[in-house]
Amino acid sequence: EAQVTQNPRYLITVTGKKLTVTCSQNMNHEYMSWYRQDPGLGLRQIYYSMNVEVTDKGDVPEGYKVSRKEKRNFPLILESPSPNQTSLYFCASSLWGNQPQHFGDGTRLSIL
Amino acid sequence: EDQVTQSPEALRLQEGESSSLNCSYTVSGLRGLFWYRQDPGKGPEFLFTLYSAGEEKEKERLKATLTKKESFLHITAPKPEDSATYLCAVLGGGSEKLVFGKGTKLTVNP
């Protein structure tokens, strides 16, 4: 089954404790992306990747890092999480940048 | 900067009462306009892609249309299972960033 898998689905942690949210897709897609979704603000793009070792900033990249060492994986790293990064996060992938994106089921992150 | 505005923010319909959702956009060189459906607690689910003005796509009770400034999602004779938040997104010619609107929350009452 074609899918985008995120882990963990839920995480409660504390300020400053580094964390990684993993994302994996099994569709051999070139393009992958991370979004955060907040009430009243909608979905906002954090980072995206056009291919292995090619990443670029979205609209809200501050406080986040990504890497794309393999085509299927695109982890999101919060080096020093802060409460304003409490949000619902989605990973997505598509064949190319102008193709429809397939979304994961989301990761709800709470930073105390 | 690419921008997307969706209206209304929320819409309540009776079952069978047709209506339309609006997505207005400003973008330099539209490369694609996307409609998604999102159910509570789930990731967005792809519905349609439109690439050029005049294009239309249909799927069951939904029909998406595109002009040079806006897109409409027409819902014909909706059912309660059509209740969801509908998201519009655009991809402009300036970058590979996808910009989403804030969505329209549709509620269809039986």
Side-chain angles (χ1 to χ4, degrees), chain A residues 2-7 9-10 21 23-25 27 29-51 54-61 66 68 74 87-109, chain B residues 1-10 21 23-25 27-52 55 57 59 62 64 66 71 73 84-105:
Chain A
Q3 58 186 4
V4 176
T5 304
Q6 298 178 224
N7 280 297
R9 292 291 315 281
Y10 304 91
V21 185
C23 174
S24 180
Q25 51 93 4
M27 296 167 278
H29 284 170
E30 302 285 336
Y31 184 98
M32 296 187 74
S33 182
W34 276 102
Y35 298 87
R36 61 178 289 174
Q37 188 171 39
D38 302 289
L41 296 177
L43 269 167
R44 294 178 293 167
Q45 196 169 36
I46 303 171
Y47 269 96
Y48 62 93
S49 169
M50 296 293 294
N51 210 328
V54 179
T55 63
D56 209 345
K57 296 177 180 178
D59 288 323
V60 287
V66 293
R68 187 95 182 269
F74 190 45
S87 187
L88 179 58
Y89 290 85
F90 289 102
C91 180
S93 73
S94 62
L95 190 57
W96 310 110
N98 67 343
Q99 298 296 307
Q101 294 185 19
H102 299 253
F103 282 78
D105 286 333
T107 295
R108 188 165 291 281
L109 198 54
Chain B
E1 187 177 316
D2 300 344
Q3 289 189 333
V4 178
T5 303
Q6 291 188 246
S7 61
E9 289 184 17
L21 313 183
C23 171
S24 297
Y25 64 91
V27 66
S28 55
L30 181 71
R31 292 170 54 213
L33 184 141
F34 304 87
W35 281 99
Y36 288 86
R37 169 194 171 123
Q38 186 176 24
D39 293 300
K42 300 271 193 173
E45 177 187 338
F46 170 70
L47 293 173
F48 303 109
T49 308
L50 301 166
Y51 291 106
S52 57
E55 193 174 357
K57 296 250 177 99
K59 179 181 176 180
L62 299 176
L66 180 66
S71 176
L73 185 65
T85 295
Y86 291 85
L87 302 171
C88 172
V90 296
L91 183 70
S95 77
E96 299 299 325
K97 290 193 293 185
L98 191 63
V99 177
F100 279 83
K102 294 180 181 179
T104 294
K105 184 176 181 180

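Here is how names work: the chains are called A, B, and so on, in the same order as the sequence lines, proteins then strands, and each is numbered from 1.
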Considering only heavy atoms, which portion of D59(A) lies under 4.5 Å from any heavy atom of chain B: side chain, backbone, both, or neither?
both

Which atoms of [X] come close to chain A, meaning under 4.5 Å heavy atom to heavy atom: side chain ones, backbone ones, both, or neither?
X: F48(B); result: neither
X: L91(B); result: side chain
X: E45(B); result: neither
X: L47(B); result: neither

Roughly how far, to the nearest 0.5 Å, is the CH2 atom of W34(A) from the OH atom of Y89(A)?
9.5 Å

Around atom CD of E9(B), are there more than 12 heavy atoms from other residues, nucleotides or ligands closer than 6.0 Å?
no

Enclosure of K42(B) NZ (heavy-atom neighbours >12, cutoff 6.0 Å)
no

Show the nearest heavy-atom pair for residues A92(A) and Y35(A), with the distance to one decimal.
CB-CE1, 4.1 Å

Looking only at R108(A), Q6(A), Q99(A), most heavy-atom pairs under 4.5 Å shared with chain B are made by Q99(A)

Contact winner vs chain B - P100(A), G42(A), G97(A), heavy-atom pairs under 4.5 Å:
P100(A)

Pick whichever of E1(B), Q38(B), Q6(B), R31(B) has the most heavy-atom pairs under 4.5 Å with chain A.
Q38(B)

Name the member of T49(B), L98(B), T85(B), L87(B) that forms the most heavy-atom pairs with chain A at distances under 4.5 Å.
L98(B)

Are F100(B) and F34(B) near enough that their ring centres are under 6.0 Å apart?
no

Are F103(A) and F46(B) close enough that their ring centres sit under 6.0 Å apart?
no

Between Y48(A) and Q101(A), do the side chains contain an N or O donor and an N or O acceptor separated by less than 3.5 Å?
no

